[in-house]
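Order of the sequence lines sets the chain letters (A, B, ...), proteins ahead of strands, with each chain counted from 1. These figures come from a predicted structure and were not determined experimentally.
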2 protein chains.
Amino acid sequence: MLKLSKLTDYAVVALVRLGQKEEVTTSPVLSRSTGIPEPTVAKVLKILATQGIVTSQRGARGGYRLAHPLEEISIATVIQAIDGPISLTTCVDGGDCDARSTCGLGGQWDMVNAAIRNALSAITLADMKNHTVTDRLGGLRTPSMPGGPAATA
Amino acid sequence: MLKLSKLTDYAVVALVRLGQKEEVTTSPVLSRSTGIPEPTVAKVLKILATQGIVTSQRGARGGYRLAHPLEEISIATVIQAIDGPISLTTCVDGGDCDARSTCGLGGQWDMVNAAIRNALSAITLADMKNHTVTDRLGGLRTPSMPGGPAATA
DNA sequence: GCATAATTGGACCGAAACAGTACTGTTTCC
DNA sequence: GGAAACAGTACTGTTTCGGTCCAATTATGC
Ligand code: FES
Ligand code: FES
């Protein structure tokens, strides 16, 4: 369905909320603040900590804190942290595709991957917080897009 | 992992290959030509037929043919045909998100969805065939991943 | 210095979606 | 009438995802 995992959704919510606090924040507090179930938000924070997006402080009086300001964290970064690398197809530069020799379009998917990655990198968490979408997305237009109503059926 | 299904990959390969033939082409021929297993390519073609991307001719001497020229079929169209709608998060306009009231970022994901959809719509199957990437992607620049202009505020 | 409590870290398990396969039915040409 | 090819449906195995539980670590308080 080309939808990112719910964990990523939660991650963005938690990060934005975390960006509004200066102090270190614990998982239960963040859970109460966001409405996300405690174990889940804990897991998300854990992953984000391993990826260096948030810094963690273990032990009592511990918690999490943003490693970078909210404006410098792009959606792509969060997605890559949670969902793994953004590579739409299996036949990327690695190449475990079985039909690579015959398919004709060698590694042409990389172009698509780059396009998506750019689109995702252009949006930061600060843009999500308050929808001050600048005109940075102005270059992205939707062109024609055929195949709507099942022309032949 | 934010990767589209393998079926979609196969669909693009099959469609590009189909675009190189003027005649109707059968599933087994297409399978041999692309290296995709027969049953799988048949399934993909079937789905594409229901979505109106290819037209089918039943009976003996039947087969499939492109419904539109290769240049008019965007990647987004194929993805939507196979994988369903492109909606990255569960909390889109529908709104079955459980944390909508507390999360703060109302329906801000729609912006992200639109960005991806546009990026995907900007690439056609013809662009995949021979990497004649026009300057259509000129608008998609990689904006210095973290810490871009941060034009918000 | 030691016990205690709070909090993160990593591992485990069940569930759901996905990919692939097989079968049966309908349509068309020879 | 027979054969070839698409159409639709159903089933099964696999993988990934979402969620939960227990162990390691650190600050606090006595
Ligand atoms: S389908 Fe994977 S390389 Fe072409
Ligand atoms: S997380 Fe779904 S609406 Fe905010």
Side-chain angles (χ1 to χ4, degrees), chain A residues 1-11 14 18 23-32 36-65 67 79 81-85 87-90 96-99 150 152-153, chain B residues 1-11 13-14 18 23-32 35-65 67 79 82-85 87-90 96-99:
Chain A
M1 213 232 277
L2 193 57
K3 73 169 184 30
L4 48 82
S5 61
K6 202 182 297 181
L7 274 305
T8 306
D9 188 358
Y10 291 157
L18 199 58
E23 327 254 328
V24 295
T25 312
T26 68
S27 291
V29 168
L30 216 46
S31 165
R32 237 175 321 256
I36 305 171
E38 267 191 49
T40 302
V41 72
K43 181 177 190 175
V44 169
L45 268 305
K46 254 172 278 186
I47 299 173
L48 292 176
T50 62
Q51 301 298 323
I53 297 184
V54 298
T55 60
S56 62
Q57 174 64 28
R58 291 182 74 145
R61 292 290 305 274
Y64 294 97
R65 186 201 305 247
I79 293 177
I82 302 289
D83 272 5
S87 55
L88 263 62
T89 51
T90 56
D96 52 346
C97 179
D98 51 347
T152 57
Chain B
M1 214 233 275
L2 191 57
K3 72 169 184 27
L4 48 83
S5 62
K6 204 180 296 183
L7 274 303
T8 307
D9 189 357
Y10 291 156
V13 175
L18 201 58
E23 329 256 326
V24 294
T25 312
T26 67
S27 291
V29 168
L30 218 45
S31 165
R32 233 172 329 250
I36 306 171
E38 269 191 48
T40 303
V41 72
K43 182 179 188 175
V44 169
L45 268 306
K46 254 176 274 188
I47 298 174
L48 291 175
T50 61
Q51 301 297 323
I53 298 183
V54 299
T55 59
S56 61
Q57 174 63 31
R58 294 182 70 148
R61 292 288 306 274
Y64 294 97
R65 186 201 306 246
I79 293 176
I82 303 288
D83 271 5
S87 54
L88 263 62
T89 51
T90 56
D96 52 345
C97 179
D98 49 349

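In plain terms, the two heavy atoms of A:Ala67 and A:Gly52 that are nearest each other are CB-O, 3.4 Å. Minimum heavy-atom separation, B:Leu18 to B:Tyr64: CD1-O, 3.9 Å.
One atom, OH of B:Tyr10, and another, P of C:dC18, lie 16 Å apart when rounded to the nearest Å. The nearest whole Å value for the distance from the CD atom in B:Glu38 to the P atom in C:dC23 is 15 Å. When rounded to the nearest whole Å, the span between CG of B:Leu7 and P of D:dT14 equals 18 Å. The interatomic distance linking B:Ile47 (CD1) with C:dT21 (P) rounds to 14 Å, in whole Å.
Contact check for B:Leu7 versus B:Thr40: side-chain heavy atoms found under the 4.5 Å cut-off. Looking at heavy atoms from C-beta onward, A:Thr8 lies out of side-chain contact with A:Val44 at the 4.5 angstrom threshold.
Using a distance-only test at 3.5 Å, with no hydrogens or angles considered, a donor-acceptor pair links the side chain of A:Ser31 to the main chain of A:Ile36.
Phosphate proximity of D:dT16 to A:Ser5: absent, as no side-chain N or O sits under 4.0 Å from OP1 or OP2.
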Contacts under 3.5 angstrom, residues 23-30 of chain B side chains, donor-acceptor by atom type, not counting sequence neighbours:
residue, atom, partner, partner atom, Å
B:Thr25, OG1, B:Glu23, O, 3.4
B:Thr26, OG1, B:Val29, N, 3.4

Item checked: nucleotides 6-15 of chain C: protein proximity per nucleotide (B base, S sugar-phosphate only, - neither; heavy atom, under 4.0 Å) -> BBBBB-----
